[in-house]
Amino acid sequence: MSTPENPGTPSEQHVPERREITVRRAPKYVPFLVLGGLVGFGVAAFLAYGLPGDESYDASAVFGFFMIMCGAGGVILGGTVALILDRLSVRRAKRAVVESVPDSVPDTGDQPGA
């Protein structure tokens, strides 16, 4: 008569679990939004200080006005670029099969540096 084995014993055979996954490179949105805003601020500075304008308006007031408009436009443009790159990454996604691998050494609670 055989005895049931306890789970976790070394003689227990591990059956690997296989799953199919999708691998793709998706852009991070925040850097695109920040970069678009900074480009918009640069355009606003060029419009306010680089081009000749009306002498009745102060250049800093013109910069403030254009900073709001160009900054918002830059953020929208950066978000649009990130969305387009995200859609392209979905098209270029690859399918892969992964398999779980058991640990050769069990984890212990006293890990250095943890």
Side chains of residues 78-86: which donor-acceptor partners sit under 3.5 Å, not counting sequence neighbours?
residue, atom, partner, partner atom, Å
Thr80, OG1, Ile76, O, 2.8
Asp86, OD1, Arg24, NH1, 2.7
Asp86, OD2, Tyr29, OH, 2.9

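With sequence neighbours excluded, the residues satisfying side-chain contact (heavy atoms from CB on, under 4.5 Å) with Tyr57 are Asp54, Val62. With sequence neighbours excluded, the residues that form a side-chain contact (heavy atoms from CB on, under 4.5 Å) with Leu33 are Val75. Residues passing the ring pair (Phe, Tyr, Trp, His ring centres under 6.0 Å) test with Tyr49, sequence neighbours excluded: Phe63. With sequence neighbours excluded, no residue satisfies salt bridge (Lys or Arg N to Asp or Glu O under 4.0 Å) with Arg19. Residues meeting the salt bridge (Lys or Arg N to Asp or Glu O under 4.0 Å) test with Glu55, sequence neighbours left out: none. Here Arg95 pairs with Glu20 under the salt bridge (Lys or Arg N to Asp or Glu O under 4.0 Å) rule; sequence neighbours left out.
Here Val98 is tied into one hydrophobic group with Ile21, Val23, each link being a pair of ILVMFWY side chains closer than 4.5 Å. Other members of a hydrophobic cluster containing Leu77 are absent, since no ILVMFWY side chain comes under 4.5 Å of it, directly or through relayed contacts.
Under the 4.5 Å side-chain heavy-atom criterion for Ile, Leu, Val, Met, Phe, Trp and Tyr, Leu51 and Phe66 are members of the same hydrophobic cluster. No continuous path of ILVMFWY side-chain contacts below 4.5 Å connects Phe46 to Met67, so the two sit in separate hydrophobic clusters. Phe65 and Phe41 sit in two unconnected hydrophobic clusters of ILVMFWY residues. Membership requires side-chain heavy atoms under 4.5 Å apart, directly or through other members. There is no path of hydrophobic side-chain contacts, each under 4.5 Å, that joins Val34 to Val39.
Under the side-chain hydrogen bond (donor to acceptor under 3.5 Å, both in side chains) criterion, the residue pairs touching residues 60-77 are Asp58-Ser60, with sequence neighbours excluded.
Counting all heavy atoms, side chain and backbone alike, Cys70 lies closest to Ala44 at CB-CB, 4.1 Å.
In this structure, the side chains of Pro27 and Phe32 come closer than 4.5 Å at one or more pairs of heavy atoms.
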